[in-house]
Amino acid sequence: MRFDIITLFPAFFDSPLRAGVLGRAVEKELFHIAIHNLRDWADPPHFAVDDTPYGGGGGMVMKPEPIRRALDAVRQGSRHSRVLLMTPQGRAFRQEDAVALAQEKGLTFLCGRYEGVDERVRAWVDDEFSIGDFVLSGGEFAALAMVDAVARLIPGVLGNELSAGEDSFGDGLLEYPHFTRPAEFAGMRVPEVLLSGNHGEIARWRRRERLRRTLERRPDLLDRARLTAEERSFVAALQRQGDEEEGS
Ligand code: ADE
C-alpha cells in the first residue's frame, strides 16, 4: 500500500508519522507514505495556491491548476491510486470505508484549506470524505485520521493481529469494557466473570456488554450491525427494561 498526501503544510505530518503504531510501521516499511507540498506546483513568481472567489464573498478558494499538476505528478508514481478529497461536505468516513480502502494499491489524500477547493477539482477525485460534522482548519487532520484507520488494518501493522477485529465498529458494535489488575480499586471490583477463567462465559459476557453499551451510547449502530436472532431479542429485552425504568 502507498499513501500520497497533497498538502500546504507538509510539516503537519512529521511527528505523527514517527510516533507509535504508524511510526513503527513506516520504519518497518509495511507501507510507503509520501508527503507532497502543493506549493511545489504553484506558478512563480508568487506561488499562489489560492485566490478570491468569483462572485465575491469572504474567504479564499484553492486554485485548480496546482492541484491538477500535483495529482498528475502523484499519478506518475502511483498509477492506480484512489484520489480522496478531505472536506466537511464529503460522506461520513466509517470503519467499513477503512476496511474497503485498505484493499487499494494506493490512496491519495487531497487536503483542502481556506473556504475549500475550486469546484472543478471535484471532477478529478474518486471520493470525498468528512471525518465528522464539524469544521476543521484543514483537511490534514482528516487525512491523518484516515491514514491511521486504514494503515492499522494492513497486515503486520498492529502487533497483535487479533486487536483490529475486536475493535469498536469491527462488526458494527462498540467494544466491551476492559479491566486490568488490581481486581479491586477505589471500591470498584472487576466483574467476577472475568476472574473466573471460564472462557466461554467470558466471551458471552463480552458480547452482551458490547450490545448493552452500543444500545446505551450509539443505538443508531444497531440497525446496521450483524446480530443473531438471540442477540436481537437480548437487545429488545434491554430496551424494554430501560423503558420500564424510565417510566417508573
Ligand atoms: N476539512 C475541514 N473539516 C473537515 C472534516 N470535518 N472532515 C474532512 N475534512 C475537513
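Read the numbers this way: they start at 1 and go in the same order the structure lists the ligands and their atoms. Positions are given from 1 along the sequence.
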Practice prompt. Kindly state each residue pair satisfying ring pair (Phe, Tyr, Trp, His ring centres under 6.0 Å) with at least one member in residues 49-102, sequence neighbours excluded.
Written response: F93-F129
Worksheet item: Does S130 use its side chain to pair, donor to acceptor, with the backbone of Q89 at less than 3.5 Å?
Response: no
Fill in: Minimum heavy-atom distance between V150 and A102, given as atom pair plus value
CG1-CA, 3.7 Å
Hey, what polar pairs (N/O, under 3.5 Å) does ligand 1 make with protein?
unit_1: ligand 1; atom_1: 3 (N); unit_2: L136; atom_2: N; d: 3.0
unit_1: ligand 1; atom_1: 6 (N); unit_2: G132; atom_2: O; d: 3.1
unit_1: ligand 1; atom_1: 6 (N); unit_2: F134; atom_2: O; d: 2.8
unit_1: ligand 1; atom_1: 7 (N); unit_2: I131; atom_2: N; d: 3.0
unit_1: ligand 1; atom_1: 9 (N); unit_2: T87; atom_2: N; d: 3.2

Discussion item. Using modelled atom types and a 3.5 Å cut-off, is there a donor and acceptor pairing between side-chain atoms of D126 and backbone atoms of V83?
Written reply: yes
Practice prompt. Evaluate the criterion salt bridge (charged side-chain N to carboxylate O under 4.0 Å, His left out) for residue pair R213 and E216; output intermediate values, then yes/no.
Written response: CA-CA 5 Å; R213 185 158 276 199; E216 272 170 16; 5.7 Å; no
Worksheet item: Does the S233 side chain pair with the main chain of A229, one donor and one acceptor, at a distance under 3.5 Å?
Response: yes
